[in-house]
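Structure first, then comments.
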Amino acid sequence: MALRLYDTKTAQLREFQPLEPGKVSLYYCGATVQGRPHVGHVRSAVAFDILARWLQHRGYQVTTVRNVTDIDDKILEKSGASYAEGFEPTEDYPAADPWFALAYRFEQIFNAAYDAVGVVRPSYEPRATGHITEMHALITRLIETGHAYPALDDSGDVYFDVHSWERYGELTHQSVDDMQDAPDADPRGKRDPRDFALWKGHKPGEPETAAWDSPWGWGRPGWHLECSAMSTKYLGETFDIHGGGRDLRFPHHENELAQSAAAGDGFARYWLHNGMVTYAAEKMSKSVGNTVSPDQMLTEAGPKAVRYWLASAHYRSELDYKPGALQEAESALERIENFLDRALPETDTAVASAELPSDFVEAMDDDLNVPAALAVLHQTVRAGNTALNSNDDAAAALAAQVHQMLQVLGINDVPEPAGADSGPTAEALSHLVEAQLAQRAEAKQAKDFARADAIRDQLATIGIQVEDTPSGAVWTLKGGA
RNA sequence: GGUGGGGUGGCCGAGUGGUUAGGCAGCGGUCUGCAAAACCGUAUACGCGGGUUCGAAUCCCGUCCUCACCUCCA
């Protein structure tokens with residue numbers, strides 16, 4: 001069975017066929033680094049990370065590009081504000097903060113957030129400001145072909161002429177005439193309010209460092225242009241998959257498509273969009289102020305559980321964040337890991353060669369139906385536990401399958417938080433607990449269950465859970481004691 | 001006004017005509033000194049009203065509610 005993906009542009013499931021046999025080029029929109037990431041950003045990255053991993057699993061050589069928008073109105077605004085009289089600095093926004101320092105600082109925080117849940121770094125991570133030359137070339141082509149024009153006023157802007165491109169609206173299935181004008185639309189030097197900026201002329205008050213020379217005067221790039229210029233540079237004029245959040249479909253992706261196609265490029269062959277993360281059924285976003293940070297999630301559950309939760313709804317569905325959701329994921333994941341601990345006490349080399357269950361493969365091939373794939377994973381865990389309970393040899397093979405499924409979903413690659421498990425502190429703790437457990441074993445031997453239970457309860461109150469197994473007591477450190 | 005999604009059992013969340021999604025939380029049981037873990041069993045379901053069909057959560061019509069985008073947004 002072939003991999004099928006839902007393509008926004010044609011609004012249907014399409015069998016995936018790469019442009020070049022054996023290779024896949026994937027571009028997905030990263031963040032505008034003007035502030036800290038929230039859960040929605042991480043969800044999107046996890047969705048496309050799983051796509052990349054699945055393509056790789058299917059044998060494709062995948063080239064992944066995720067852009068960094070390191071210059072835009074908000075970045076300049078926030079930087080500008082940090083120089084103003086009476087500015088109150090915060091940890092995130094210090095005083096006298098150059099725009100490039102601000103952008104790079106948040107870029108690193110974004111990367112830390114992606115890393116924390118095991119998102120593989122893309123092949124390339126280009127920044128908008130590093131591709132001004134390529135953008136100029138694209139603007140020039142658009143002006144030459146009559147699809148772009150310098151502003152009619154003296155702003156120094158250059159606009160894309162939406163009426164010059166009759167396919168405009170094809171991605172989101174809208175016609176220009178039906179689009180509602182922005183209530184606060186500033187017509188500036190536009191022929192039509194819906195024309196969008198390719199190049200923004202330098203404005204008085206904006207820093208000199210945020211302006212580049214161009215055939216149309218000093219200025220800086222418009223938002224949409226970078227993705228067209230960079231995807232083409234790194235992946236070619238036509239490439240396989242373009243991804244991003246659903247909220248980017250319009251205007252961002254529509255505009256990207258228009259400017260690239262109008263310039264004669266084939267551009268993306270499949271468009272994939274992930275659903276929004278909501279909070280109390282409302283889209284999580286900075287402007288609404290209902291964001292939850294990756295750090296906050298990580299205080300509620302382990303990083304693997306966070307990734308599990310982010311993947312637990314289909315990538316095109318909305319994912320509603322609510323307190324308790326992460327604990328549920330943690331419980332589910334714990335059952336999986338308990339099984340693996342029991343069935344694969346030591347690293348087994350046979351694990352790597354295990355084949356994925358066909359139902360799992362089928363689910364993933366069906367537009368990355370991760371919830372259905374997880375159902376297969378859980379069924380395998382149950383079968384494995386049953387096998388273990390009856391000393392059936394099948395357990396090891398099932399465990400190997402479970403391991404492989406976790407691998408493909410990227411859950412195994414989530415780094416464990418450093419600290420608790422190793423080092424002198426852990427060593428000392430281990431000795432203390434083992435001593436207690438030895439006493440408890442003695443008490444149990446003597447049928448002094450009251451004392452044995454007292455020891456267990458005492459350990460429980462400091463966050464150490466004791467469980468009796470056929471091979472003796474084992475203990476685990478539980479957070480949040 | 002335009003475009004595109006949704007409304008599934010206590011909660012989350014798959015599923016597009018007939019046979020168990022799955023998880024979490026409950027309840028009962030097995031195991032255990034007691035627990036824990038694990039397994040077994042179990043209840044609660046498809047927004048509302050019509051229609052098509054032998055049969056609909058799934059198709060059609062109507063209706064209500066809701067979300068996203070059209071302005072920066074993963």
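Here is the naming used below: chain letters follow the sequence lines, and residue numbers restart at 1 for every chain. For clarity, every value in this text was computed on a predicted model and none was experimentally measured.
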For this session: Could you check whether A:R451 gets within reach of a base, just the sugar-phosphate, or nothing at all, counting any heavy atom under 4.0 Å?
Result: nothing
Exercise. If you check every side-chain atom of A:E328, which of B:C24, B:A74, B:A21 has the closest atom?
Worked result: B:C24
For this session: Give the nucleotide from the list B:G4, B:A14, B:A74 with an atom nearest to the side chain of A:R249.
Result: B:G4
For this session: Apply the side-chain contact (heavy atoms from CB on, under 4.5 Å) test between A:L5 and each candidate in A:D367, A:D365, A:D240, A:L55; give the one that qualifies.
Result: A:D367
Exercise. Of the nucleotides B:A35, B:C24, B:G15, which has the atom closest to the A:S331 side chain?
Worked result: B:C24
Exercise. Looking for any heavy atom pair under 4.0 Å, which part of the strands does A:N338 touch: base, sugar-phosphate only, or nothing?
Worked result: sugar-phosphate
Exercise. So which of A:Y124, A:Y27, A:F239 actually passes ring-ring contact (aromatic ring centres under 6.0 Å, His included) with A:Y234?
Worked result: A:Y124
For this session: Name the closest nucleotide to the A:A372 side chain, picking from B:C72, B:A38, B:A14.
Result: B:A14
For this session: Considering just the side-chain nitrogens and oxygens of A:K444, establish if one lies under 4.0 Å of OP1 or OP2 belonging to B:G33.
Result: no
For this session: Kindly point out which of B:A14, B:G5, B:A74 is positioned nearest to the side chain of A:Y6?
Result: B:G5
Exercise. Any side-chain donor paired with an acceptor under 3.5 Å for A:T386 and A:N389?
Worked result: no
For this session: Look at A:N389 and B:A38 and indicate whether a side-chain polar atom (N or O) is within less than 4.0 Å of OP1 or OP2.
Result: no
For this session: By nearest nucleotide on RNA chain B, pick out whichever of A:K283 and A:R335 is the more 5' one.
Result: A:R335
For this session: Measure from the side chain of A:H378, starting at C-beta and using heavy atoms only, and say which of B:G23, B:C34, B:A14 lies closest.
Result: B:G23
For this session: State which of B:C67, B:G2, B:A74 makes the closest approach to the side chain of A:E318.
Result: B:C67
Exercise. Would you say the ring centroid of A:F196 lies under 6.0 angstrom from that of A:H224?
Worked result: yes
Exercise. Think A:R14 forms a cation-pi with A:Y6, using NZ or CZ under 6.0 Å from the six-ring centre and within 45 degrees of its axis?
Worked result: no
Exercise. ring-ring contact (aromatic ring centres under 6.0 Å, His included) between A:Y159 and A:W199: does it pass, once the steps are laid out?
Worked result: CA-CA 7 Å; A:Y159 300 116; A:W199 187 253; over 10 Å; no
For this session: Rounded to whole angstrom, note down the C1' distance from B:U30 over to B:C48.
Result: 45 Å
Exercise. With rounding to whole Å, what would you report as the distance between B:U52 and B:C60 at their P atoms?
Worked result: 15 Å
For this session: For A:F449, answer base if it contacts any base atom (sugar-phosphate contacts may also be present), sugar-phosphate if it contacts only those atoms, and nothing otherwise; contact means non-hydrogen atoms under 4.0 Å.
Result: base
Problem set entry | Assigned partner base of B:G1, Watson-Crick or wobble definition, under 3.5 Å | B:C70
Exercise. Mapping A:Y308 and A:I336 to their closest nucleotides on RNA chain B, which lands nearer the 5' end?
Worked result: A:Y308
Problem set entry | Closest listed nucleotide, where the reference is the side chain of A:N369 and the choices are B:A14, B:G22, B:G23 | B:A14
For this session: For B:A57 and B:U44, measure between their P atoms and round to the nearest Å.
Result: 15 Å
For this session: Identify whether any heavy atom of A:K74 sits under 4.0 Å from a base atom; if not, whether one sits that close to sugar-phosphate; answer base, sugar-phosphate or nothing.
Result: base
Exercise. Across all strands, who's sitting opposite B:G26 as a Watson-Crick or G-U wobble pair, both distances under 3.5 Å?
Worked result: B:U42
For this session: Sticking with atom C1', work out how far B:G15 lies from B:G7, rounded to a whole angstrom.
Result: 15 Å
Problem set entry | Side chain of A:A375 - closest among B:C34, B:A74, B:A21 | B:A21
Exercise. For B:C67, does OP1 or OP2 lie under 4.0 Å from any side-chain N or O of A:R246?
Worked result: no
